[in-house]
Protein chains: 2
Amino acid sequence: MMLKNQRIMCGLGLAALALACAAPAHSAQAPASGHSGLVLTGQDVASMRAEIARPGRFQREFQERKAQVDRQLGLPILVPVPRDAGGGYTHEIHKNNAQLMYDAGVVYQLTGEKRYAHLVRDMLAKYADLYPTLPLHPQRRPDSVISAGRLFWQNLNESVWLVYAIQAYDAVLPVLAEGERRHIEKGILRPVALFLSEGSPHTFNTIHNHATWATSAVGMTGYVLGEREWVERALYGLDKSGKGGFLRQLDELFSPDGYYTEGPYYQRYALLPFVTFAKAIAVNEPGRKIFSYRDGILLKAVDTTIQLSYNQRFFPINDAIKDKGIDTIELVHGVAIAYSASGDPRLLDIARRQERVLLTGDGMRVAQALDAGRAQPYRFDSRVFRDGAGGKEGGLVVMREQDQALVFKATAQGMGHGHFDKLNWLFYDNGAEVVSDYGAARFLNVEAKFGGRYLPENKTYANQTIAHNTLVVGETSHYGGKLGVAEKHHPELLYFAERDGLKISAARVEHAYPGVAFVRTMAQLRHEKLAHPLVLDVLTVQSDQPQQLDLPLQYKGHLIKTNFELDSATTALAPLGKHHGYQYLWLKASGAAAAPLNQVTWLNDNGRFYTLSTASLPGMKTLFTQIGANDPNFNLRNENAFILRLPAAREAVFVSVLEPHGGHDPVSEVTRDGNSQVKQIRHLRSGDVDAVHLALANGLEWLLLLNNSAGYKEGQASRIRVDGREHVFQGRFQLVPLGGQVGSAMKGKP
Amino acid sequence: MMLKNQRIMCGLGLAALALACAAPAHSAQAPASGHSGLVLTGQDVASMRAEIARPGRFQREFQERKAQVDRQLGLPILVPVPRDAGGGYTHEIHKNNAQLMYDAGVVYQLTGEKRYAHLVRDMLAKYADLYPTLPLHPQRRPDSVISAGRLFWQNLNESVWLVYAIQAYDAVLPVLAEGERRHIEKGILRPVALFLSEGSPHTFNTIHNHATWATSAVGMTGYVLGEREWVERALYGLDKSGKGGFLRQLDELFSPDGYYTEGPYYQRYALLPFVTFAKAIAVNEPGRKIFSYRDGILLKAVDTTIQLSYNQRFFPINDAIKDKGIDTIELVHGVAIAYSASGDPRLLDIARRQERVLLTGDGMRVAQALDAGRAQPYRFDSRVFRDGAGGKEGGLVVMREQDQALVFKATAQGMGHGHFDKLNWLFYDNGAEVVSDYGAARFLNVEAKFGGRYLPENKTYANQTIAHNTLVVGETSHYGGKLGVAEKHHPELLYFAERDGLKISAARVEHAYPGVAFVRTMAQLRHEKLAHPLVLDVLTVQSDQPQQLDLPLQYKGHLIKTNFELDSATTALAPLGKHHGYQYLWLKASGAAAAPLNQVTWLNDNGRFYTLSTASLPGMKTLFTQIGANDPNFNLRNENAFILRLPAAREAVFVSVLEPHGGHDPVSEVTRDGNSQVKQIRHLRSGDVDAVHLALANGLEWLLLLNNSAGYKEGQASRIRVDGREHVFQGRFQLVPLGGQVGSAMKGKP
């Protein structure tokens, strides 16, 4: 009870008193202020009270929140016996209760009006009556790795509940009589904390976001109840060995670049307990310098979450609901806490786009800075986000030019929410998705759609390789679609570089299929004579036997034309295949490749045309598909793709250029440049070296030389003879301007 | 040459001179000012010159336009020999030349800088060299009703060209030497005007928007060249009998409510020449009081065009590109001229949404009023827009509540661009299309898609009844899909009324099918206990023999659930039918109706759920379709519909309720009210009276009583016994609240 005894309990009825409380307290380990020591300092509370009297963002947010709480004040307090799974009645009630208590606690701190504190007190008292009587939740899954809760069907939700509830309790402590405190702590707070730690050792000790919620809940409860032992367990695992616990999670769940292995959608979700508990640690034990831990990994994680977005939405790799983006509440917390810790004014640019602020000291600092116009433009970078705790398990490469973003997914599997899509890519332009990822097959919380959980089609379609934009061999997903196998491997990211208007990256995959290796090089090429940068894609496949190779591209928009004859299925449709996601695809049309250049053009809703030009390969076909077969309940979106197919190949190099061009504005009735500029794409290979020759109708011409060999040694010279001329280059690649642009091609804008 | 001689030619090099020119000229018939007498007054020019010196909307617009013209100043003037059809090279050049001359003329007037006038002069001189050498256009359609042009493949474009060119000529007259004038007038302006009038009598005299462009072009040229005879022909037809010409077009093309029979998409298009020529008439012959003509029909037409929109876009009935809306340039002209004529500050609200202003005196007045903050909210009304010159050929009914719009299409056919969809309906809610119309099958100006013209599928699919939301008998379109037949008939609009929270309208159709009559009642019902108003749809069909009745609904969103078993086509798809549009529909699933209530729920992208609840009829099935069969070139959008089908019925009453409910926010993960509130829908009939009983889960309950009989007499009493109680009502309908709400139901907000 040491921490608790160090607290100064001071009422919040008067701002002056609160200010008096703001004076530093006993020791360095003690909270810096009065009772509200969990994530707020007394100084914060005093400032916030002043701030709500001043017109501005913070005042508006406070008034809205207070009005919401006010609407609940007169209503009966419902604490039903748990019965329903996620999305059901009792689930939603308990979830909403936690939020309401949190909000009421905040409003109490800001107004000092006891009725808000009494709402928290009365609700917690009801929980204290109920909780000791509860067995494990009736909807738990005994045969699942998902651990059961008591208030909720899984203990994850119970952890989330406690993260909010303990903050609410902390906020209203001053108004509670000793007996009330005893009842609440004994009946609900202690039993939940013990259930989540000692009672759920598997969840608590694992290295997973469920454990982050559990350790955060328990650790924060430890601070408030003065249970230093609980804080230690939260930080170092149940046995305090450091093999589990919050710090180990910080060590292992993020790469050195702050990338979370499940991808940005779950990174956002995991972020909230990370930053909230970290804030509590910073307030209660500033000596731990938690925000400096592992070279500032938490601030890196917040920044990386932001970086992994386009037009406000997260890149929807792996299981991801595509609507989620930087305005999600988790990132509102992340940005506020990170801004408070770092003072980086570029974070304010993100806070501005979030259009809401937190009612915390950190939120106030954000609101004040925004009101004062201190935001500076946030810069979205082109860079690698390494994957793996050591940063050596591949990575996510993001290249940006103008209003484009090219995402090259050379990451590890990303645990159970990972998709089987090694070396997949996504492309955004002019505000829109152009080459897309299905994301997760799920209608979040829509009861009629499989209870709002992941649909069965998430595993059978959305996770499969064919749902992405990367190589499928023999109509089978990478690693056979087996998580256990996939987790043993990861791509080798060969390099990312940026030079002379060219951004380029390459990665190799060797174990996705037995006897098959493939290397993909993706590049973004800018030139002053190009209205829009081009995307180059060179995919080299080597197989120890002839196999069917499919290279799908999920395009967003309306098919405008192909430069080859389409054989369309006009009076009957059939599924393309039988398994690994192929069973969901209607085959709408196919066509033998146009040689030497195969072109497909579509028109995106953003009003721009896109053409994929591919150097034709012998026997290549293009298949057009639409999702919808074997989907009796209309669970999937009917999205379109085309697939470049080689029926039986041992070695193949798919070389394509994606070219944004022209525009179609139906309002002004202006349409221009509906035709591709790509005139020629050739591929040559000599030894370890690939040469791609690209020529455009406007006279621009390049050779892109690549050495992606496994045996490549740093700095070695490579050579290849093209059209009678020998080219020698050092490093992995070289871009050689040809024709009229020699000597001028490299003048691309910086 | 009378008019010409009355002009005062005064240079525009100095604003003071321009002001001097603004003094009234000779006679009442003369332009009110100096040379710029066609659509601008000298006073306007002087004011505009002052205005561009002042920061504001007008100055910004001027600077942008001037910068655009400046970019063209140094470039060679291209006046190629006509060769290409619409969208092709020479077509676009000549089209853009007209716009450039117009812009340069405006900039000359505002700056007095002669280089702008010289651009117009030099370009017109080139046209004067070329035009006399031209035969009819090589791409003309000899076998078509579309009349050939010489500069363009159809003379419509030639009329448009002249409307712009004559304004440009008028603007630069002062700087032209007498010889230059002679050359230009003789070489191009006179020959084009004569070609469009005497040379194209069919187009010129017809009552159609092509004739509006032709008469406007010729009439405006008459004013500038002083050819009073041409003005008379433009106003009264070639023979000046009044059987054709601009005034006759005003009499016949618009209904008394300002509704244009082709619908808002073409109403917008037709508007530009109407208001532009009218403006020229008002300036040159104010005594004609053209804006008061036919009770102010032109101002009504502008207002009606605005009214027929939702969320800025026009209702896409008939052939319509769905992107078009109130920000189109034609309506920018319409609003500016209408505001100038009426001073109605609510038009400024629309001008504000258009985000651009015209560089004319009218545009200046709009800009000044907007800068001064004088805009008042524009009100979108619930009302009938009668169709037909006499207002007796049915009409378009629009009902609005909250953020809903319900459109009930009981109009006449609307000529060649009309669709075969009598008593079709559309529904918008919360900013989005919910029950939709395909609009036109066309990729405007996208060369690869049938030259950017209407696709063949426009006739074979988009025009057909099954592409809409109304009754199809025997898989055949209304009037057999024959325009000549359809134009002989129109629906009878029985009534539109608004009372006690209920908006309601009914219409009857008798000749769409031999031996079949159908009556549809559509209503929008508001109640304080309903979060969103409901849509009621009562469709009564009487046939002289049993036939298949289909009632399709084109829904926008993702199918969430049905309350009946779906038999889905999971491994093979086939087209639903063979003709009248059915051949384009894949049949994805079907199900026998759930009795007594058949429900289909979908989730719109606007985040709201929609359920259509229908009182089941014996043998009813629900079919789910998707567009895409028999579409080898991917010309159509793959949109979804469901069809309520009765395989063989003589009499049927389809009673449905469309209910917006709940919400799904994937960002905050909140989903609520995913289930319909509709508990019961019953239909009873006695004599001429229909009774619909609607009961909701929240206890609300109504009887809607209807008398839609052909023999109905104004004010007669109708009676029907329902559940043992007799109801007597006067008029066409009565809404009777039942159950707990008796006496309170009518308290809906005004």
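Numbers restart at 1 for each chain; the letters A, B, ... are given by sequence-line order, proteins then strands.
Side-chain contact of A:N638 with B:Q626: a donor-acceptor pair under 3.5 Å is present, judged by distance alone. B:E659 and B:T611 share no side-chain donor-acceptor pair at under 3.5 Å.
Counting heavy-atom pairs closer than 4.5 Å to chain B, the top residue among A:N96, A:D631, A:N675, A:V446 is A:V446. Per-residue counts of heavy-atom pairs under 4.5 Å with chain A were compared for B:K561, B:R637, B:H558; the largest is that of B:H558. Chosen from B:P575, B:A589, B:A629, B:G674, the residue pairing most often with chain A at heavy-atom distances under 4.5 Å is B:P575. In terms of non-hydrogen atom pairs under 4.5 Å with chain B, the most contact-rich of A:D567, A:T571, A:L603 is A:T571. Interface summary for chain A: among B:N635, B:I329, B:I321, the most heavy-atom pairs under 4.5 angstrom belong to B:N635.
Only the side chain of B:F624 comes within contact range of chain A, with heavy atoms under 4.5 Å apart. Of the two parts of B:I560, the backbone and the side chain both hold a non-hydrogen atom closer than 4.5 Å to a non-hydrogen atom of chain A. The contact between A:F609 and chain B is made entirely by side chain atoms (from C-beta outward), counting heavy-atom distances below 4.5 Å. For B:L636, the part sitting under 4.5 Å from any heavy atom of chain A is the backbone (N, CA, C, O) and nothing else. Interface remark: A:K95 contributes side-chain atoms only to the contact with chain B (heavy atom separation under 4.5 Å).
Ring planes of A:Y555 and A:F642: tilted class, angle from 30 to 60°. Using a 30° and 60° split on the angle between ring planes, B:Y269 and B:W213 fall in the tilted class, from 30° to 60°.
A cation-pi arrangement is absent between B:R268 and B:F314, since the terminal nitrogen or guanidinium carbon is not both under 6.0 Å from the aromatic centre and inside a 45° cone about the axis.
A salt bridge links B:E433 and B:K322; the closest N-O separation between the charged side-chain nitrogens and carboxylate oxygens is under 4.0 Å. Checked for salt-bridge contact, B:K556 and B:E639 meet the test: a charged N lies under 4.0 Å from a carboxylate O.
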